[in-house]
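Note sheet for the following structure.
Letters A, B, ... mirror the listed sequences (proteins, then strands); counts begin at 1.
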Number of protein chains: 2
Amino acid sequence: MSGKRPAADDGQAARTEGAAPAQPRGSVMRDVARLAGVSHQTVSRVLNEHPNVRQETRRRVLEAMQALNYRRNLAARTLVTRRSGTLGVVGLETTLFGPASMLYGIEDAARTAGYFVTVASVRTLERRSVVEAVDRLCQQSVEGIIAIAPKPAVTNALVQVPPGLASVGVGGGADDDAVPTVRIDNAAGARLATQHMLDLGHSTVHHVAGPADWPEARERVEGWRSTLYAAGAPVPPVEPGSWSAQSGYEQGQVLARDPSVTAIFCANDQIALGVLRALHEAGKRVPRDVSVVGFDDMPDSGYFLPPLTTVHQDFAELGRRSLAVLLDQLKQGGERPPDHVLLAPELVVRASTAAARRARRGPAGPAAIR
Amino acid sequence: MSGKRPAADDGQAARTEGAAPAQPRGSVMRDVARLAGVSHQTVSRVLNEHPNVRQETRRRVLEAMQALNYRRNLAARTLVTRRSGTLGVVGLETTLFGPASMLYGIEDAARTAGYFVTVASVRTLERRSVVEAVDRLCQQSVEGIIAIAPKPAVTNALVQVPPGLASVGVGGGADDDAVPTVRIDNAAGARLATQHMLDLGHSTVHHVAGPADWPEARERVEGWRSTLYAAGAPVPPVEPGSWSAQSGYEQGQVLARDPSVTAIFCANDQIALGVLRALHEAGKRVPRDVSVVGFDDMPDSGYFLPPLTTVHQDFAELGRRSLAVLLDQLKQGGERPPDHVLLAPELVVRASTAAARRARRGPAGPAAIR
DNA sequence: CGCTAACTTGTGATCGGTAACAACTGGGCT
DNA sequence: AGCCCAGTTGTTACCGATCACAAGTTAGCG
């Protein structure tokens, strides 16, 4: 019905736009061109900051654009240039603090770089749903894909994105070398946490782990284990859990019953929260009886009871860096060098850790005060 | 049948469509048409599930699409149909639990409805930046805009989105009638929380508020105040704060010094966490000495010390409902009826509230136990 | 047998931009 | 003057889909 542009109204009939600044359907480049008395191509040149446009002409065009409240149609531009100016993010549908922070870090950095962001979230990290999400993004003609990719299935799915499409995985582990990733050095973080408690005089450190199928969780286990090993400390058994406070609570109850446990490294802050509660309910005092360290440094961790010593991750920076890697690829024409950026975490010492009390074992050894 | 297609088979045959599944540049409709021996229009019909296509033809086309790994180009489709199949979300760049959850609720619902989502996040909720975000989304030819809009500046900015574009604000308050909103009944939630503690025998309830310029925070204050008023209880003064645990901690320290404080309603769970810590440090026991209620019911609240009684908001549902409202508008051709959906919150009673201890104050009336 | 109706399929125009090329200007230089 | 080149502008083709319309087929029916 509305496809009726006044085709007959060619040439000089341009008088029509006399006093109607508001087009019913939004104005297009030709409208601007007509009002400014130039060709549509000149308008395009102004828009794209082509150098060879006379100052005076540019001014007239800009004025016309203003008057008509012109907005360029990105679909048309995308169609012809094959560049959408859009990046896709595959995100896990979760409110885990980390992924959510990264999303905003990415969006922010993308906007600064002049890109739009469309998200395709997946409810589970199975290969199938991830591939589907990637597919949806491809249809959108995204120029690159950032996957908030804590699990190998995701980076694997990334491998088969069409060639020429940039991609990067952020967060998670690095089982695969085919796709560049940006992540935090989880093992180093775990080392920091474990060594901290060892230095405090604890004879060993227990660990409450995250899900076994998350490389992030595995790397933390690894860092913890190797630190204990290097220090000649015994390595207690670990059982995988989930990332939730509930999981921490459940495993915490078990640990709380064991009098030999004096130091616990938790795979994230939420787990730590659950552990803290379990210890409290069992009558153990933190940090007097047991020291606890978390991982992530969510904004609330400083207000736990007691304030949590934890390993700080800079999620926003993670987002920014992943974007930088993506843009590099874009600049290099879709080449996908297997970069692996590794960010160093940082230990934030608060009140949930303290020096081990001396000699704990045997018939109630004399507990030193401090 | 195929006799009439020699034109396509000219010198261009270098295209290599023999059996190569992976075209260098991706295949387009014409490639599929050629392989299936039909016209591009027929391919389009199959794609759009037009009824009048012979079974056999459809099969051939589908096969060809499969073989070429064809993906329709949405930019082209958007250009001609003026429908992008994309919804825009204006989100606050924050990791507050609420906004993040809503985003995923929206994305999930949108995907189910066959829409894509592109986000434009803003760092602050000033009018300027919101208008800019809306503008960016318009360029993208989004069909509708959902604003995670806790502040009036946002809904106001929404008023001036181009006509014909659907829009809805989700979360936040409702100062404005011009734009439909979906939100939770904050006042009712506050009432639930306050009444709960009143019923427990507390002579009054103190409140630690959120930011003064967030309608959500104001409505909670209002609900709290009116409940006290209706019960004839004194209304303690309130001071605005932020949504953070730190803010709760600071105000909590003040309240902890006041022996008359036995019940505190916090504007959200994070504030409650800070209050809990302040009370703890001041030697007050929760809920023995002081009862505390939060708002939001974040996943961790059940593991605070003690587990927090709080007002539950269903953020995912909020996201879904807002999408439903948006789709309604779309169906009705861009009409924007000022719908205002109000969701009822729910009180989740855990361990941070208990009956008031009797006679605390000199000549105060005897508080009934229970 | 001829005519209309329903079903299939193809042709050409079109959406709103950008790219390539052509045309026209006006110096500067030989 | 004549030539060339850089600066400026317009013309036309094209990106890849959908839509409107037309054409060819098959079937139904008086």
Side chain of [X] (C-beta onward), nearest among [options]:
X     : options                : answer
A/V28 : C/dT8, D/dA17, C/dG17  : C/dG17
B/R82 : D/dT12, C/dG16, D/dT18 : C/dG16
A/N52 : C/dT9, D/dT18, D/dG7   : D/dG7

Does [N] have its OP1 or OP2 closer than 4.0 Å to a side-chain nitrogen or oxygen of [X]?
X     : N      : value
A/R54 : D/dT9  : yes
A/T42 : D/dT9  : no
A/Y70 : C/dG17 : yes
B/S44 : D/dT18 : yes
A/T57 : D/dT8  : no
A/R72 : C/dT18 : yes
A/N73 : C/dG17 : no

Worksheet item: What distance do A/I146 atom CD1 and A/L87 atom CG have between them, rounded to the nearest 0.5 Å?
Response: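 So the gap between those two atoms works out to 6.0 Å.
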
Nearest 0.5 Å, please: how far is OG1 in B/T81 from CG in B/L74?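 OG1 of B/T81 is found 9.0 Å from CG of B/L74.
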
**Axis-to-axis angle between the two ends of the helix from C/dC1-D/dG30 to C/dT30-D/dA1 (five base pairs per end, rounded to 10 degrees)** =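 Result, rounded to 10 degrees: 60°.
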
Is it true that A/E63 and A/R60 make a salt bridge, defined as a side-chain N closer than 4.0 Å to a carboxylate O?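 No.
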
Side chain to side chain donor-acceptor pair (under 3.5 Å) filter on B/S44, not counting sequence neighbours, yields B/N48

For [X], check salt bridge (Lys or Arg N to Asp or Glu O under 4.0 Å) against everything at least two apart and list the hits.
X      : result
A/R320 : A/E317
A/R71  : B/D135
A/R111 : A/E107, A/D108, B/E93

Please write out each protein N/O paired with an N/O of nucleotides 20-27 of chain C under 3.5 Å, distance rounded to 0.1 Å.
from	atom 1	to	atom 2	distance (Å)
C/dA20	N6	A/Q41	NE2	3.2

Between the side chains of B/E126 and B/T124, is a donor N or O closer than 3.5 angstrom to an acceptor N or O? yes

Check your understanding: Do A/L327 and A/L330 come close enough that some side-chain heavy atom pair is under 4.5 Å?
Key ->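 Yes. Closest side-chain heavy atoms under 4.5 Å.
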
